[in-house]
J.: 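Here it is: the structure, laid out below.
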Amino acid sequence: MKKDTKVVHGGQNKKRNSGIVNTPVYHASTVVFENIAAMHVAAEQALKNRQKHLFYGRRGTPTHWTLQEAMSALEGAADTFLTPSGLSACTLSILGCVKAGDHILMTDSVYEPTRTFCDTLLNTFGVETSYYDPRLGAGVAALMKPNTKVVFCESPGSHTFEIQDIPAIAAAAHAKGALVIADNTWASPYFCQPLKLGADVSIQAATKYIVGHSDAMVGTIAVNEAALPGIAKLLGTIGITLAPDEAYLATRGLRTLGVRLRQHQESAMKVALWLKNRPEVRTVLYPALPDDPGHAIWKRDFTGSSGLLGVFFHRTTYEAVTAMIDGMKLFPLGYSWGGFESLICPSNPGKSRTAKAWPEAAPGIRLHIGLEDVDDLLEDLAAGFERFNKALG
Ligand SMILES: *Cc1c(COP(=O)(O)O)cnc(C)c1O
């Protein structure tokens, strides 16, 4: 099946759902059994064999299975686990691969709350983190220690947009027995499948493009056979579960992922090219641009680019960026992205970098290009630059 067909049909099981097209929301805690023998069969199937078999609400229902099966089909995964946020997908997949005394290598471009988890909680559990230049590629081999168990990638970084050479990083990690976890939120599995590039785990903050409507928090962890046992054990033991309403919303969003992302891509490219011609703009960070430093690897490993991009200026001040952002009509100020509407937020990624200094002057801005008419968006941005220039003086 091609990916557009998987987006529409992945995980569908009309027989399991009495003919209903969208798997209904099963609200469940207790599942009752006909007798002791049936209870034993359910335990064996659901827990030991990891089959889609009702056992207890926390262990999943058909609402969860539909999303899990659809995501596994798209990611090319052995299985997909569901968590209550993208951040928990990042932190729990790391926890499922390490123990006290281990070391992990983390990209310097990582989502900041993932970084905070590593520097605080993970550290107190006796797991050490060192940060590497996201563009290092095969060079991570030199940073591997005997106790390195995970190399974590995020390609591209959600503020700095470096594309990482996942095949080269995976080769270096696997040579030393480490697993590779990739946060694939920017591209979604529609435009990139890290497991096919050599990663062992592909994470989505499904909150973003999978849900697609800014109304639910969901994380997905797609795993290959190597990463499956550790993460399955961690999640089962710790008792994490995704609420069924959120699983339903994620599946519902997923069915239109292809058409939405193709439009995000088309509009974001128009905006990126327009921004590049603005005299105020020093650089537009968008890997689909031919002169982006990550373009060659992006072209090799991705089949498209989403709606999120970074903009940094020749001259900038906090006041100028504030004047621009505060007056926007179609770009509300807010965190997260991946919904149907455009968003803007200030960007100052340099303050958390430790492996490699960030060269751009701060603050810049980050734009999510939504599904509005792109001419309206450009008009709003042009007015924003007028305010920016006036405040800059
Ligand atoms: C938003 C985001 C997350 C966290 O997802 P939440 O659902 O907001 O917890 C993780 N990684 C990346 C790259 C993100 O953009």
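Indexing begins at 1, ligand by ligand and atom by atom, following the structure's order. Remember, predicted model here, so these are calculated numbers, not experimental data.
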J.: Under 3.5 Å between any N/O of L87 and any N/O of ligand 1: does that happen in this structure?
T.: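 L87 vs ligand 1: N/O contact under 3.5 Å present.
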J.: Looking only at protein heavy atoms, identify the closest one to atom 8 (O) of ligand 1 and say how far it is in Å.
T.: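 Going atom by atom, the protein heavy atom closest to atom 8 (O) of ligand 1 ends up being M217 CE, 3.5 Å.
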J.: Assess the pair Y335 and H368: is the distance between their ring centroids shorter than 6.0 Å?
T.: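 Aromatic pair excluded; centres sit 6.0 Å or further apart.
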J.: Mark up the atoms of ligand 1 that fall under 4.0 Å of a heavy atom belonging to K208, in ascending order.
T.: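 Going through ligand 1 atom by atom, the ones under 4.0 Å from K208 are 1 (C), 2 (C), 3 (C), 14 (C), 15 (O).
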J.: When you measure from atom 10 (C) of ligand 1 to every protein heavy atom, which one gives the shortest distance, and what is it?
T.: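 Scanning the protein heavy atoms, the shortest distance from atom 10 (C) of ligand 1 goes to Y111 CD2, 3.4 Å.
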J.: Show which atoms of ligand 1 fall inside a sub-4.0 Å distance from at least one heavy-atom site of A205.
T.: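 Answer for ligand 1: 2 (C), 3 (C), 4 (C), 5 (O), 10 (C).
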J.: At less than 4.0 angstrom from any non-hydrogen atom of T207, what atoms of ligand 1 do you find?
T.: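 Numbered from 1, ligand 1 contributes 6 (P), 7 (O).
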J.: CG/L197 to CG/D165 distance, rounded to the nearest 0.5 angstrom?
T.: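 One gets 9.0 Å once the value is rounded to the nearest 0.5 Å.
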J.: At a 4.0 Å cut-off, with the gap strictly under it, does some heavy atom of W337 reach an atom of ligand 1?
T.: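 Judged by the 4.0 Å heavy-atom criterion, W337 does count as contacting ligand 1.
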J.: Within the structure, does G86 bring an N/O atom to less than 3.5 angstrom of an N/O atom in ligand 1?
T.: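 Such a contact does occur with ligand 1.
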J.: Output, in order, the C-alpha distance, side-chain angles, deciding distance and verdict of salt bridge (Lys or Arg N to Asp or Glu O under 4.0 Å) for D380 and K329.
T.: CA-CA 7 Å; D380 200 24; K329 293 196 171 71; 5.5 Å; no
J.: Measure from NZ or CZ of R262 to the centre of the six-membered ring of Y190 and say whether it is under 6.0 Å with the direction within 45° of the ring axis.
T.: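 R262 over Y190 ring: no.
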J.: Quick one: CD1 on I231 to SG on C97, what's the gap to the nearest 0.5 Å?
T.: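 I231 atom CD1 to C97 atom SG measures 4.0 Å (nearest 0.5 Å).
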J.: Determine, using the 4.5 Å side-chain heavy-atom cutoff (strictly less than), whether L285 and W298 are members of one ILVMFWY cluster.
T.: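 Hydrophobic grouping puts L285 with W298.
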J.: Please work out, at 4.0 Å between heavy atoms, whether the side chain, the backbone, both, or neither of D183 comes within that distance of ligand 1.
T.: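 The answer is the side chain of D183.
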J.: For Y111 and H159, I'd like to know if the aromatic rings sit close, meaning centre-to-centre distance below 6.0 Å.
T.: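 Between H159 and Y111, which both carry aromatic rings, the centre distance is not below 6.0 Å.
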